[in-house]
Engineer: 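Before I ask anything, let me first share the structure, which is written out below as structure tokens.
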Number of protein chains: 2
Amino acid sequence: MAKNSSKFATLGQQEADTADLESLVGYNLKRAYIIVEAHFREAVGKDGMSARVFSALSLTVSYPNITQIALARVMGIERSGLVAIVDELEAYGYLQRAPVPGDRRIQALVPTEEGLAAYNEALGLVRDKEERLLSDLTGVERQTLFALLKKIRRMEED
Amino acid sequence: MAKNSSKFATLGQQEADTADLESLVGYNLKRAYIIVEAHFREAVGKDGMSARVFSALSLTVSYPNITQIALARVMGIERSGLVAIVDELEAYGYLQRAPVPGDRRIQALVPTEEGLAAYNEALGLVRDKEERLLSDLTGVERQTLFALLKKIRRMEED
DNA sequence: TATTGTTATACTCTATAACTATA
DNA sequence: TATAGTTATAGAGTATAACAATA
């Protein structure tokens with residue numbers, strides 16, 4: 001199991017690549033995500049939206065009038081956790097909680113004009129950044145990466 | 001931009017797959033990781049190690065006598081954050097902080113026999129679980145997934 | 001002066017449980 | 001009774017800054 005039993009090892013790239021961890025999908029996914037997320041933050045800038053806030057805004061743009069509970073479900077988080085996210089987006093003036101006639105428990109989420117503009121600008125920056133990050137990958141490789149990640153995502157129920 | 005402007009949309013799988021977010025690598029990586037991490041927790045059991053503690057133990061097994069600062073660097077976290085992780089592993093009796101003759105600032109991390117046994121058992125469970133999770137992927141697809149994730153990981157410096 | 005490990009502290013993300021107002 | 005949204009609270013995981021011991 002031990003790949004290196006010399007005392008006071010210095011870790012070269014080769015050695016690091018043969019460690020057990022490197023053969024696990026979870027570890028590789030997490031490390032890759034950390035890098036992509038750092039690039040996301042660079043793309044949106046120092047005072048830009050966090051990834052989860054951007055995601056929530058993106059989904060309200062794609063699905064206007066979505067309810068908080070539905071949005072939480074799509075995002076895979078608890079509805080309680082969404083409150084602060086929506087509060088933040090509302091404070092930015094990027095969306096509104098609109099009353100729904102017929103059921104006063106529900107508030108439909110609708111992006112404002114400013115929200116739409118801010119979203120489209122951020123989306124452009126993020127896409128450009130991902131484009132550059134993935135510039136070493138061919139078109140086929142990118143398609144394959146997406147297909148494989150989505151295949152894993154579909155395993156949720158088991 | 002809006003794919004669905006009907007009021008009170010219910011989100012079918014098809015609609016969800018065409019949202020902007022679905023075209024971003026970061027979002028897909030994160031969602032895939034969440035699923036794999038949940039399977040990791042199932043594999044190691046209710047009172048099993050967390051992923052980061054497992055990772056630290058794995059790396060001390062692969063690189064016995066590694067220092068905390070080197071381990072933190074490999075894991076991509078701050079050295080201050082590693083203290084609690086090593087404390088936990090030491091409390092389990094899975095590793096020891098061993099003094100290094102010649103430099104009393106440094107403590108080399110060495111797995112115990114129990115640590116090695118616990119690690120190998122956990123590694124087996126995690127590998128089996130990942131195996132089952134990825135059973136829909138062909139051998140080539142898995143190799144490709146690893147290759148693409150590692151390619152992204154190598155983009156760190158830019 | 002610089003480095004290793006440590007502590008104190010704070011921030012982000014998330015979950016659980018209980019509450020409210022409605023249905 | 002059940003549901004949508006909210007609040008309170010706690011627990012991971014991480015980072016920054018300052019410190020002690022040692023080099």
Side-chain angles (χ1 to χ4, degrees), chain A residues 8 10 26-27 29-31 33-35 37-38 40-41 44 46-56 60 65-91 95-110, chain B residues 8 10 26-27 29-31 33-35 37-38 40-41 44 46-56 60 65-91 95-110:
Chain A
F8 320 128
T10 53
Y27 184 72
L29 276 175
K30 175 156 195 187
R31 295 304 295 261
Y33 174 68
I34 287 169
I35 290 163
E37 205 270 341
F40 172 90
R41 269 185 288 110
V44 296
K46 193 183 159 298
D47 296 316
M49 284 177 272
S50 66
R52 69 188 199 140
V53 169
F54 173 82
S55 294
T60 61
N65 290 302
I66 191 169
T67 63
Q68 286 189 207
I69 214 163
L71 181 52
R73 212 174 291 128
V74 175
M75 291 179 69
I77 65 175
E78 290 297 316
R79 66 191 193 283
S80 62
L82 199 63
V83 176
I85 297 172
V86 173
D87 284 351
E88 190 177 330
L89 284 167
E90 211 174 26
L95 62 71
Q96 288 186 321
R97 290 168 158 107
V100 171
D103 192 337
R104 279 183 299 176
R105 290 174 304 181
I106 301 171
Q107 289 164 294
L109 303 176
V110 291
Chain B
F8 320 127
T10 53
Y27 184 73
L29 276 174
K30 176 154 194 188
R31 296 302 295 261
Y33 174 68
I34 287 169
I35 291 163
E37 205 270 341
F40 171 91
R41 269 186 287 110
V44 296
K46 191 181 159 301
D47 296 315
M49 285 177 271
S50 65
R52 70 189 198 141
V53 168
F54 173 82
S55 294
T60 62
N65 290 302
I66 192 170
T67 63
Q68 286 189 206
I69 212 164
L71 181 53
R73 212 174 291 129
V74 175
M75 292 179 69
I77 63 175
E78 289 298 314
R79 66 191 194 283
S80 62
L82 199 64
V83 176
I85 297 172
V86 174
D87 283 351
E88 189 177 331
L89 284 167
E90 212 174 26
L95 62 72
Q96 289 186 320
R97 289 168 159 107
V100 171
D103 192 337
R104 280 183 297 175
R105 291 173 304 182
I106 300 171
Q107 289 164 294
L109 303 176
V110 291

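Numbers restart at 1 for each chain; the letters A, B, ... are given by sequence-line order, proteins then strands.
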Engineer: Have a look at B/Ile85 and tell me which of B/Arg52, B/Met49, B/Gln68 forms a side chain to side chain contact (heavy atoms under 4.5 Å, CB included) with it.
Structural biologist: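 Of the listed residues B/Arg52, B/Met49, B/Gln68, the side chain to side chain contact (heavy atoms under 4.5 Å, CB included) partner of B/Ile85 is B/Arg52.
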Engineer: Taking OP1 and OP2 of C/dC13, is either one under 4.0 Å from a side-chain nitrogen or oxygen of B/Lys30?
Structural biologist: no
Engineer: Compare every heavy atom of B/Tyr27 with every heavy atom of A/Val74, then report the nearest pair and how far apart it is.
Structural biologist: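 Taking every non-hydrogen atom into account, O-OH, 3.8 Å.
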Engineer: Can you tell me how far CG of B/Leu82 sits from CG of B/Asp87, rounded to the nearest 0.5 angstrom?
Structural biologist: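 Answer rounded to 0.5 Å: 9.5 Å.
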Engineer: Within the 4.0 Å limit for protein heavy atoms, which parts of nucleotides 5-12 of chain C are touched? Write it as a string from 5' to 3', B for base, S for sugar-phosphate only, - for none.
Structural biologist: BBB-----
Engineer: Quick one: does B/Arg97's side chain get under 4.5 Å of B/Leu109's, heavy atoms only?
Structural biologist: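 Answer yes - side chains close enough.
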Engineer: How many Å lie between CE on B/Met75 and C1' on D/dA15, as a whole number?
Structural biologist: 15 Å
Engineer: Identify, between A/Ile77 and A/Arg104, the residue whose nearest nucleotide on DNA chain C lies closer to the 5' end.
Structural biologist: A/Ile77
Engineer: Closest heavy-atom contact between B/Ala72 and B/Arg79?
Structural biologist: CB-CA, 3.8 Å
Engineer: Could you grab the distance from atom CD1 of B/Ile77 to atom CG of B/Leu71, nearest 0.5 Å is fine?
Structural biologist: 7.0 Å
Engineer: For the helix from C/dT1-D/dA23 to C/dA23-D/dT1, figure out the bend between the end axes, five pairs an end, and round to 10 degrees.
Structural biologist: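 Rounded value for the end-axis angle: 10°.
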Engineer: Starting from P on C/dA18, measure out to CD on A/Glu78 and report it in whole angstrom.
Structural biologist: 14 Å
Engineer: 5'-most contact on DNA chain D: A/Ile34 or A/Asp103, nearest heavy atom basis?
Structural biologist: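 Residue closer to the 5' terminus by nearest nucleotide: A/Asp103.
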Engineer: Could you check how far CG of B/Leu82 sits from P of D/dT16, rounded to whole Å?
Structural biologist: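 Going from B/Leu82 (CG) to D/dT16 (P), I get 16 Å.
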Engineer: Is atom CD of B/Gln96 surrounded by more than 12 heavy atoms (other residues, nucleotides or ligands) closer than 6.0 Å?
Structural biologist: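 Open: at most 12 neighbouring heavy atoms sit under 6.0 Å from CD of B/Gln96.
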Engineer: What is the distance from atom CZ of B/Arg105 to atom OG1 of B/Thr67, rounded to the nearest 0.5 Å?
Structural biologist: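 B/Arg105 atom CZ to B/Thr67 atom OG1 measures 11.0 Å (nearest 0.5 Å).
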